[in-house]
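Each remark here refers to the structure printed beneath this line.
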6 protein chains.
Amino acid sequence: MTKVIYPGSFDPVTKGHLDIIKRSSKIMEQVTVAVLENPRKIATYSIEERVKMLKMVTEPYPNVTVDYYKGLLIEYAQNNNINIVIKGLRAMSDFEFVFQMALVNQKLSPSMETLFMMTNNKYSFLSSSIVKEIACLGGDIRSLVPPEVHNIIIAKYQS
Amino acid sequence: MTKVIYPGSFDPVTKGHLDIIKRSSKIMEQVTVAVLENPRKIATYSIEERVKMLKMVTEPYPNVTVDYYKGLLIEYAQNNNINIVIKGLRAMSDFEFVFQMALVNQKLSPSMETLFMMTNNKYSFLSSSIVKEIACLGGDIRSLVPPEVHNIIIAKYQS
Amino acid sequence: MTKVIYPGSFDPVTKGHLDIIKRSSKIMEQVTVAVLENPRKIATYSIEERVKMLKMVTEPYPNVTVDYYKGLLIEYAQNNNINIVIKGLRAMSDFEFVFQMALVNQKLSPSMETLFMMTNNKYSFLSSSIVKEIACLGGDIRSLVPPEVHNIIIAKYQS
Amino acid sequence: MTKVIYPGSFDPVTKGHLDIIKRSSKIMEQVTVAVLENPRKIATYSIEERVKMLKMVTEPYPNVTVDYYKGLLIEYAQNNNINIVIKGLRAMSDFEFVFQMALVNQKLSPSMETLFMMTNNKYSFLSSSIVKEIACLGGDIRSLVPPEVHNIIIAKYQS
Amino acid sequence: MTKVIYPGSFDPVTKGHLDIIKRSSKIMEQVTVAVLENPRKIATYSIEERVKMLKMVTEPYPNVTVDYYKGLLIEYAQNNNINIVIKGLRAMSDFEFVFQMALVNQKLSPSMETLFMMTNNKYSFLSSSIVKEIACLGGDIRSLVPPEVHNIIIAKYQS
Amino acid sequence: MTKVIYPGSFDPVTKGHLDIIKRSSKIMEQVTVAVLENPRKIATYSIEERVKMLKMVTEPYPNVTVDYYKGLLIEYAQNNNINIVIKGLRAMSDFEFVFQMALVNQKLSPSMETLFMMTNNKYSFLSSSIVKEIACLGGDIRSLVPPEVHNIIIAKYQS
C-alpha cells in the first residue's frame, strides 16, 4: 500500500494546500496530513485550531487523515510505517528550503523518499503568510482559503 | 493620462530607487511615489522622515509626487485612479516577493497591472538594508544614496 | 501619448501573447505588435502568415496595430517614435534572454525603456514551441491558441 | 496499485537515471521506463539500443519494465492505465523544461499527475549529453554510466 | 604570495565549511579563517567558542590561521594585506546574499576580489542553521559536523 | 606559484572576458588564457584569429599567456602543471553549464579546483553571441569589444 505523509505548518490551511491534498489522495492509497508543532516558532493558530481546520476541509476524502507531530519528521514517519513525503513546489520559491529538508531527511533516513508535486498554477502565489498579511490589512481572503474555514481564519483579525 | 504608482518602504531611499523614479518619470505622465506605513514592521526612519527625503530627491521632477499609505496598496491606488504599479527588479533577487505581490494585487483587483523595470546594473546590489548595514559598521555610504539626503541618513548612526 | 512596442517572433501567436496584448492595450494609449523577420532563423510560419494571424486576433482592440521589422528593434522603435518596449515574463524562464535583450537595448539606446509584464498564471507554461511540439505529435492545441487562428496553425501539421 | 511511468530519451542511460529508477521501484508498485522515439531529434543510440541498455541495467528490479513510445506521453500512459509520471530534478537545471512539460501534460489530461524526485547529489551534474561530450574527447566515463552498458556506450566513440 | 580570507559566522563550523578550508589551503599559500563578531545578531556560540572550534578542526593545515573581526570585512582584509575573499557557493542558495556582499565589497574597495568555490556536492544541503535545527529536535548530527567539535556543539542542546 | 587557466571559446573576445583576465592577472601569479578548439562546434572566427585577438588585448599584462587546446581541459591543465580553473559568472546565467563543467572536472580530476569570479556589473549582459547578433544586424559594437580587435571582428560582417 502506498502511504504518504504531507507535512507542514498549515498556519492556516490555504486553497493551495487543499489542492495538493486532493490530488495526492487521488493517486495514493493513504495520505496523512501532519501538522508540525514547532516549539521555537510562534504560530498564529494553535495546534488544535490547525488540526481542526484541516479535518473540516479534508472530510470529503476518506483516505486522508490529519495528525500532528513534534520533533523530527522522519521519526514520526517511521513510527507510522510511511516512507514517502509529499511536498508542494510553487514555481518560484520553496526550492531552497524544500530541497534542503528533502536532502536532510534522506541523509538522516536513506529509505525515506520525498516526492514533489507542482502547486496548481492558480495558487502559485499563495502562502499562509500572504493570507494573514491580507487579512490583517482588511482585505478579502475568500478566494484564498477553503470556504469551510474562512470564518475561523478571519476571527483572529476582527475586534 | 498614464499614471503610475511606485510603492515601497524607502527606509531610506537609495540611488537605486531614485534611478527607477527618474526613468519612470520620463516615460509616464504622472508618477506617485507611495511610502508604505506598515504598523507591524519597525522602520529605521519615521514615515515623515522617509516622505521628506523622497520629496528632497524628487524635487527636480515636476510630474513626481510623494505620498504615504496604510493598508492595501490596491485601495490607495483605486482611490487615486491609478491602475499601474511600477516595481524595480534587481537581477538576482526580488523575484519571489515582487511577483507574489503582483499576483496578489491582480487577484484582489483584476484591473490593476504591475509593470517591472530592471534596476540599473550599477545598482543591482543596492538595497536599503545594505545601506544601513554599511552605515552601521562605519563604512562610507556616499556612493549609495542621493547626496541631498546623505546627512539625514547617517545622523541615525552617529553618536 | 504613451506608445509601446511589443516585439517577438509570434511563430505562431498563442493565448499567452494575446493576454499580454490585451492587458497592454488597456493601460497604454497605443500598442504596436512588431514581428521580427529574422533572416538567420527559419520560422514555421512566413512573416505574412504571422502578421495576418496577429491582425485577426487583435481586431477587437482599436489601439493595437501590427507590423514587422528587420534589423535592430531600437532602430524600428526610434523611427516610429516609440521609447517603451513591453515584454512578457513567464515565472520560470525567459529571465536570462529577456533581461539580456533589455540591457543590450538600453546600452545601444539609453532613452529606450523595457517594461516587463507577468504572463497570466494560466499561460505560464505556454510558448510557440510547445504549441508546435504538441500539434506535431497530434495533440489538441485548442486550449493554447486563439480560436480565430486555430485552423491556420494546424494546417501545417496535417497532410 | 500505484503504477508510474518514467519517460525520457535515455540516449544513453546514466547512473543518474538508474538512481531514479531504483528509488522509484522501492516506493511504487510498478515502474515503466518509457523511451521516447522522437522523429524530429537525431539520437546517438537507436531506439533498440536504448531499450536494450535499459533492460540490461534494470534486470535486478522485478517491478520495472522497459518500453518505448511515439507521440504524446499522456496517450501512451492512458493506454496503459498509468496516471503518475516520475521525473528527476537536478538541483540547478531541468526546472523550466520539466515543469513546462508537467503543466502541458496536466492541461492535456487533468487526471495525470507528475511527481518529481530529487536526483541524488552525487549525480547532480550528470546528463546523457555530458557523458557523450566526455566520451567524445577521449575521457573516462566509467564513473558516469552503469558498468553493464559501458562497452556499448563507448563503442560509438572508438574507431 | 597568494593570501586569502574566508569570512563567515561559523555558528558552528560544519563539514561544509571545513571542505572549503581544506581545498583553499591546497591551492592558496595562506588562508585566514575570519569569524565575524556581529553585535546586532545573537549567535548560539560565543566568539571564543567559534574561534576555538575552528582552531581545533584546522590544526592539520599549517597554512591556515583563525581570527575574528568586527566592522567591515574590507578593513580587516586591508589591514592584513589580503585582497582575495573566498566564499563557498551551494548550488541552490547563497547566490543573492553572497553576490550582493561581493558587489558591495568591490564597490567599497575596488582592489578586493571575491572568488567563489563550489561547495562539495555531499554538503550542498548543509548549513549551520540546519545543524542547530536537527540538534534541537534531538537528531544525530554526527555526519554533519567535524568529529573533533561534535561534543562542544551538542553540549548546548543537552540538559 | 599560483597558476590559473581561463578557458573558453572566445569567439570573439569581449570586454567582459578582458575584465576577467585583467582582474585575474592582478591576484594570480600566472594566467593562461586557453582557447578551446572544439571540432564539433563551428566557430565564427578560426582558432588562429581567436588566439591572435587575445594576444593583442592581453599584451599589457606580462603574466598572461595565450594558448589553445583540444580535448579535455583537465588534460591540458595537468600537462602544464596548473590546478586552478578560473570562470566568470554573470549574475543571471551561466550557472548551470559552468557549475556542471566544474563538477565534471572535479569528478575526472579531484585535485583540480574551479574558482568563480563575478563578471563586472557593466558587462553582465555581454556574451560573444550577443556581439555577433548585434554586428550582424548592423548595430555598433564599439562599447562591447576591446578597441584593438574591433576591426577584425566586424570584418566578418561587412561585404
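Surrounding NZ of B:Lys132 are more than 12 heavy atoms belonging to other residues, nucleotides or ligands, all under 6.0 Å away. Crowding of B:Lys55 atom NZ: a count of heavy atoms from other residues, nucleotides or ligands under 6.0 Å not exceeding 12. Counting heavy atoms of neighbouring residues, nucleotides and ligands inside a 6.0 Å radius, atom OH of B:Tyr69 exceeds 12 of them. With a 6.0 Å radius and a threshold of 12 heavy atoms from other residues, nucleotides or ligands, C:Lys156 has its NZ atom above the threshold. Within a 6.0 Å sphere centred on OH of B:Tyr61, heavy atoms belonging to other residues, nucleotides or ligands number more than 12.
The line from CE of B:Met118 to CD of C:Glu113 is 11.0 Å long, rounded to the nearest 0.5 Å. Rounding to the nearest 0.5 Å places CD of B:Glu29 at 5.5 Å from CD of C:Glu29. Taken to the nearest 0.5 Å, the NZ atom of C:Lys26 stands 12.5 Å off from the CD1 atom of B:Ile84. Separating the CD1 atom in C:Ile27 from the CE atom in B:Met112 is a distance of 11.0 Å, to the nearest 0.5 Å.
Both the backbone and the side chain of B:Leu115 come within less than 4.5 Å of a heavy atom in chain C.
Contact count against chain B (heavy-atom pairs under 4.5 Å) is highest for C:Arg23 among C:Met28, C:Met117, C:Arg23.
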